[in-house]
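Here the structure comes first, spelled out in structure tokens, and everything after it is commentary.
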Amino acid sequence: MENLHRPVLAWYSASARDLPWRAPEATPWAVMVSEFMLQQTPVKRVLPVYEEWLRRWPTPAALAADAPGEAVRAWGRLGYPRRALRLHAAATAIRDEHGGEVPSSHAALLALPGVGEYTAAAVASFAFRQRHAVLDTNVRRVFARAVDGQEYPANATTAAERRTANALLPDEPETAATWAVAVMELGALVCTARSPECGRCPIRSDCAWRQAGSPPHQGPARRGQTYAGTDRQVRGKLLAVLREAHDSVPQAELDKVWEDSVQRARALDGLVADGLVEPVAPGVYRLPR
DNA sequence: TACCCGTGGCA
DNA sequence: TTGCCAAGGGT
């Protein structure tokens with residue numbers, strides 16, 4: 001299996017994108033911000049928001065000192081705005097419980113709001129150069145193909161995948177950290193979900209899926225996520241109004257975004273329950289302070 | 001475990 | 001045009 005290391009690392013050295021959170025001067029906080037923003041969101045859309053965010057809040061304490069609603073506003077249209085709230089909460093926890101410094105241990109990272117198994121491993125690996133299996137959708141797909149001979153991984157991360165990732169992890173922490181980001185980059189640029197460019201793949205001769213003739217995925221199709229008409233769409237429309245207003249918004253403004261008043265009220269209640277919206281007075285709302 | 005949570009680009 | 005998909009986490 002170690003025969004995969006050299007070609008993947010060489011490919012990464014020659015082909016890696018020049019992303020700001022990979023720059024030597026990127027702080028652990030910058031890496032953490034990028035990881036929150038990149039959860040389910042493409043790099044291209046993250047870049048401008050990331051730059052603005054770090055200019056405005058260069059440290060966890062700087063973000064924690066501002067209102068959570070400002071984080072939600074600055075999040076813009078990245079989607080899943082609860083991530084902005086969680087990043088603000090993580091910054092507060094870092095200020096209050098870690099002396100303002102992003103913790104380096106996987107366990108301490110995992111305890112932060114919005115940090116799950118992937119993000120904890122990613123920050124520990126990318127920012128602190130530790131040895132961790134980093135299993136994101138790209139890495140899982142690369143291993144599913146190269147190791148298991150399957151076009152796509154299972155819906156949820158399995159114990160077998162963790163075993164595979166750990167078995168393939170180089171021994172040296174620094175090499176492991178580069179390997180982790182290199183496999184991820186390979187999945188993002190070459191071993192893509194829709195139309196992998198196997199001709200450019202550094203491990204095509206070792207790929208189990210290719211050796212098997214690149215068989216199509218078997219089993220049930222992944223659940224397509226419908227969006228039109230869902231509460232999520234209504235929440236998005238409501239929050240867009242609140243983001244663009246720089247103060248409180250009367251109910252009448254919110255009523256314009258969706259015809260169905262029952263669904264509209266349910267969506268607004270959900271936003272309030274999530275802490276994304278704050279009721280100021282009967283029929284008046286704003287982003288949380 | 002399965003489902004909920006945004007948004008936009010692309011084949 | 002429309003379904004698929006994008007560096008997941010929380011419950």
Side-chain angles (χ1 to χ4, degrees), chain A residues 12 16-17 19-22 26 30-50 72 75-87 89-90 109-127 132-142 151-159 161 165 177 180-189 191-197 217 220-243 257 266-267 269-271 273-277:
Chain A
Y12 181 73
R17 288 169 292 180
L19 299 172
W21 45 85
R22 290 181 185 162
V31 172
M32 173 171 281
V33 169
S34 77
E35 291 303 336
F36 269 75
M37 291 183 175
L38 288 163
Q39 290 169 2
Q40 301 283 284
T41 305
V43 166
K44 184 177 180 179
R45 286 174 46 212
V46 164
L47 282 168
V49 182
Y50 167 87
V72 173
W75 198 255
R77 304 187 68 80
L78 284 184
Y80 292 144
R82 292 190 295 188
R83 291 181 294 165
L85 224 44
R86 291 177 184 147
L87 182 51
L109 288 163
L110 194 57
L112 295 171
V115 177
E117 178 184 352
Y118 161 77
T119 301
V123 174
S125 176
F126 304 157
H132 292 282
V134 180
L135 275 173
D136 80 322
T137 188
N138 290 303
V139 174
R140 296 183 61 222
R141 186 175 55 250
V142 170
E151 186 178 18
Y152 297 118
N155 285 324
T157 304
T158 64
E161 288 181 271
V181 72
V183 177
M184 190 176 307
E185 189 77 338
L186 185 63
L189 298 183
C191 193
T192 57
R194 298 230 189 118
S195 48
E197 298 187 59
H217 178 69
R222 321 243 267 227
R223 288 188 61 82
Q225 41 183 10
T226 55
Y227 182 66
T230 62
D231 285 6
R232 293 160 79 179
Q233 184 181 19
V234 184
R235 286 167 60 109
K237 286 179 176 296
L238 290 169
L239 204 56
V241 172
L242 288 151
R243 272 200 312 266
V257 308
R266 185 173 67 231
D269 284 349
L271 289 169
D274 287 346
L276 283 162
V277 172

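Bear in mind the structure is a predicted one, so any value in this text is a computation, not a measurement. What's counted below: heavy atoms across the whole structure, side chains too, no hydrogens, waters or symmetry copies. First the proteins, then the strands, lettered A, B, ... as listed; each starts at 1.
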Under 4.0 Å between a Lys/Arg side-chain N and an Asp/Glu carboxylate O for A:Glu35 and A:Arg83?
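Between A:Arg83 and A:Glu35 there is no salt bridge, as every charged N stays at least 4.0 Å from the carboxylate O atoms.
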Using a cut-off of 4.0 Å on non-hydrogen atoms, how would the nucleic acid contact of [X] be classed: base, sugar-phosphate, or nothing?
| X | value |
| --- | --- |
| A:Arg77 | sugar-phosphate |
| A:Leu19 | base |
| A:Gly116 | sugar-phosphate |
| A:Thr119 | sugar-phosphate |

Report the nucleotide, chosen from [options], that has the shortest atom-to-atom distance to any side-chain atom of [X].
| X | options | result |
| --- | --- | --- |
| A:Arg82 | B:dC10, B:dC5, B:dG6 | B:dC5 |
| A:Tyr80 | C:dA7, C:dC5, B:dG6 | B:dG6 |
| A:Glu185 | C:dA7, B:dC4, C:dA6 | C:dA7 |
| A:Trp21 | C:dC5, B:dC5, C:dA7 | C:dA7 |
| A:Ala188 | B:dT7, C:dA7, B:dG6 | C:dA7 |
| A:Ala193 | C:dG8, B:dC5, C:dC5 | C:dC5 |

Does [N] have OP1 or OP2 under 4.0 Å away from a side-chain N or O of [X]?
| X | N | result |
| --- | --- | --- |
| A:Arg194 | B:dC10 | no |
| A:Arg243 | B:dT7 | yes |
| A:Tyr227 | B:dT7 | yes |
| A:Gln40 | C:dA6 | no |
| A:Arg141 | C:dA6 | yes |

Could you tell me whether the side chain of A:Arg232 has a donor or acceptor atom within less than 3.5 Å of a complementary atom in the base of B:dT7?
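Absent.
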Establish whether the base of B:dG8 is bridged to the side chain of A:Thr41 by a donor-acceptor pair shorter than 3.5 Å.
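Looking at the base of B:dG8, it does not pair with any donor or acceptor on the side chain of A:Thr41 (distance under 3.5 Å).
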Please give me the minimum heavy-atom distance between A:Met184 and A:Val134, naming the atom from each residue.
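Answer, listing the atom of A:Met184 first, then A:Val134: CE-CG1, 3.6 Å.
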Please report the closest heavy-atom contact between A:Tyr50 and A:Ser34, naming both atoms and the distance.
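Smallest heavy-atom distance, with atoms named: CE1-CB, 3.8 Å.
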If I pick the [atom1] atom on [M] and the same atom on [N], what distance separates them, to the nearest angstrom?
| N | M | atom1 | value |
| --- | --- | --- | --- |
| B:dG8 | C:dT1 | C1' | 15 Å |
| B:dC4 | C:dA7 | P | 23 Å |
| B:dG6 | C:dC4 | C1' | 15 Å |

Return the value, rounded to whole Å, for the distance between atom NE2 of A:His217 and atom P of C:dC4.
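These atoms are roughly 12 Å apart.
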Protein-nucleotide distance (A:Leu85, atom CG; C:dG9, atom P), rounded to Å:
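These atoms are roughly 17 Å apart.
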Say whether, by atom type as modelled, one donor and one acceptor occur between the side chain of [X] and the main chain of [Y] under 3.5 angstrom.
| X | Y | value |
| --- | --- | --- |
| A:Arg140 | A:Ala154 | yes |
| A:Thr230 | A:Tyr227 | yes |
| A:Arg232 | A:Ala228 | no |

Specify the residue among A:Arg17 and A:Leu110 whose closest nucleotide of DNA chain C lies further upstream toward the 5′ end.
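The residue mapped nearer the 5' terminus is A:Arg17.
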